2 protein chains.
Amino acid sequence: MIEYIRDGKEIYRRSFATIRAEAGLDELPSDVAGVAVRMIHACGMVDLVDDLAFSSGVVGVARDALAAGAPVLCDAEMVAAGVTRRRLPAANEILCTLSDPRVPELARQLETTRSAAAMELWRGRLDGAVVAIGNAPTCLFRLLELIEEGAGTPAAVLGIPVGFIGAVESKQALEEHPGCPEYLVVHGRRGGSAMTVAAINAIASEEE
Amino acid sequence: MIEYIRDGKEIYRRSFATIRAEAGLDELPSDVAGVAVRMIHACGMVDLVDDLAFSSGVVGVARDALAAGAPVLCDAEMVAAGVTRRRLPAANEILCTLSDPRVPELARQLETTRSAAAMELWRGRLDGAVVAIGNAPTCLFRLLELIEEGAGTPAAVLGIPVGFIGAVESKQALEEHPGCPEYLVVHGRRGGSAMTVAAINAIASEEE
């Protein structure tokens, strides 16, 4: 018989205690620290905190937007799939348009990635939304263009794309953009759907 | 106008070139190196390769199993959601039982996590399957118990759970178990659905 902890609540409790003991959360505002704990839990890396950057109101503003019924606009199906529906305060819509049949043609017309082209289908939904970008750097760049075009301004942006081409630069561009709404980013190449989902789930409910 | 690369194929090409230049892939068998490239692409960390461990036949055996129509049994909805269906060689079933309505009661009866309890519904499907565990360490422990019980032996196991409680130990237990089938693991706390999906997608098709 293999010995291991089988109690899900106890696993969470011990995991979060380990994270709080090891990660340097003390310098974070308490609401951001709560989000950081879940993000670290999703990736297994306590040094993630060194790459976190955020505007001071991001958690409060995103939380208020969700409470008021704002949709969560996601760049990837994995992000949409990971959101824990019962944590959402207003049965909020979780929208990912990447698989929409119009997207391949939009990508050809706009000469961009399918991920960025899929955001054309966010028009009319962008204003006041919570945007969660956990995969494609081109989506974060495209978001700034949409804001510049006046297509709407989200309440908050979780900018956590991952990778080697554009990830570093797109997160910098978001932070430095004059039209940037409340934001949370992970600097550098790290990012991805799992930590993005963890951030949404933490913002959606303060329950650990 | 923000300058960034908008050509998806070019982004992939440059990303994979960067990974091949920076990651120490030379010591890996070429089939495992191809899988490692996609896993690194999904997490942004070239040092992932230092934590990779695998049996020599894992990629070939998993690839043959998929070609023969084996299902992919996943521990998390995010893993199932991320598999690129058009890469699969035999329209393989991607099965995640975590949301099955019977699972909460099974978890109570078996006094285990919902993730591990959901694997009761894998009985009869386990033998010859490709198992992809990208979230819960308890699933990897439970898999070894199911193999011990004679519930079946998968063709190959991608053991990539993440976290602080049980992740390290469950991956060690898999490797050291006498009944362990072909396997690929990421040692340590790192893991998660994104890199697990990347491994499945790389095994499913050699197309970069």
Side-chain angles (χ1 to χ4, degrees), chain A residues 1-8 10-19 22 40-46 76-82 107 110-116 134-138 141-142 144-145 148 162-167 169-170 173 177 188-195 197, chain B residues 1-8 10-19 22 40-46 76-82 107 110-116 134-138 141-142 144-145 148 162-167 169-170 173 177 188-195 197:
Chain A
M1 177 139 174
I2 307 167
E3 286 300 324
Y4 60 96
I5 309 175
R6 292 168 165 78
D7 177 346
E10 180 64 10
I11 293 169
Y12 265 104
R13 199 192 60 73
R14 291 197 196 187
S15 297
F16 290 163
T18 303
I19 293 165
E22 290 188 24
I40 291 168
H41 182 246
C43 68
M45 298 178 290
V46 295
E77 298 290 351
M78 281 184 72
V79 175
L110 300 169
E111 298 184 322
T112 191
T113 62
R114 288 192 302 119
S115 293
N135 185 44
T138 53
F141 285 125
R142 182 67 190 135
L144 296 176
E145 293 173 340
E148 286 177 6
V162 61
F164 296 86
I165 302 298
E169 297 81 359
S170 65
H177 198 278
R189 291 170 167 179
R190 290 191 293 186
S193 49
M195 59 180 86
V197 162
Chain B
M1 178 143 175
I2 306 166
E3 286 301 323
Y4 59 96
I5 308 175
R6 293 167 164 78
D7 177 347
E10 180 65 9
I11 292 170
Y12 265 103
R13 199 193 60 73
R14 291 197 196 186
S15 296
F16 290 164
T18 302
I19 293 165
E22 289 188 24
I40 291 168
H41 182 245
C43 69
M45 298 178 289
V46 294
E77 298 290 351
M78 279 184 72
V79 175
L110 301 169
E111 297 183 322
T112 191
T113 63
R114 287 191 305 118
S115 293
N135 185 44
T138 53
F141 285 125
R142 182 67 190 135
L144 296 176
E145 294 173 340
E148 286 176 6
V162 60
F164 296 85
I165 301 298
E169 297 80 359
S170 66
H177 198 279
R189 291 169 167 180
R190 289 191 293 186
S193 49
M195 61 179 85
V197 162

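As the structure is a prediction and not an experimental result, all values here were calculated from the model. Each chain gets a letter, A, B and so on, in the order its sequence line appears, and its residues count up from 1.
Contact count against chain A (heavy-atom pairs under 4.5 Å) is highest for B:Cys43 among B:Gly166, B:Ala194, B:Gly134, B:Cys43. Taking B:Arg114, B:Glu169, B:Met45 one by one and counting their heavy-atom pairs under 4.5 Å with chain A, the maximum is reached by B:Met45. Across A:Ser15, A:Gly8, A:Gly163, the residue that shares the most heavy-atom pairs under 4.5 angstrom with chain B is A:Ser15. Heavy-atom pairs under 4.5 Å with chain A were tallied for B:Glu22, B:Glu77, B:His177, B:Met195; the largest tally goes to B:Glu22.
Judged by a 6.0 Å distance limit and a 45° cone about the ring axis, A:Arg13 is not positioned over the six-membered ring of A:Phe16.
When heavy atoms are compared at a cutoff of 4.5 Å, A:Leu110 does not approach chain B at all. The contact between A:Glu148 and chain B is made entirely by side chain atoms (from C-beta outward), counting heavy-atom distances below 4.5 Å.
The two atoms that bring A:Ile11 and A:Ile5 nearest to each other are CD1-O, 3.4 Å, heavy atoms only.
Here the CZ-CZ distance, from A:Arg14 to B:Phe164, works out to 15.0 Å after rounding to the nearest 0.5 Å.
Partners of A:Ala81 by side-chain contact (heavy atoms from CB on, under 4.5 Å), not counting sequence neighbours, listed by chain and number: B:Ala81.
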**Request:** Just do the side-chain hydrogen bond (donor to acceptor under 3.5 Å, both in side chains) check on B:Ser115 and B:Thr138 with the steps written out, would you?
**Result:** CA-CA 7 Å; B:Ser115 293; B:Thr138 53; 5.3 Å; no

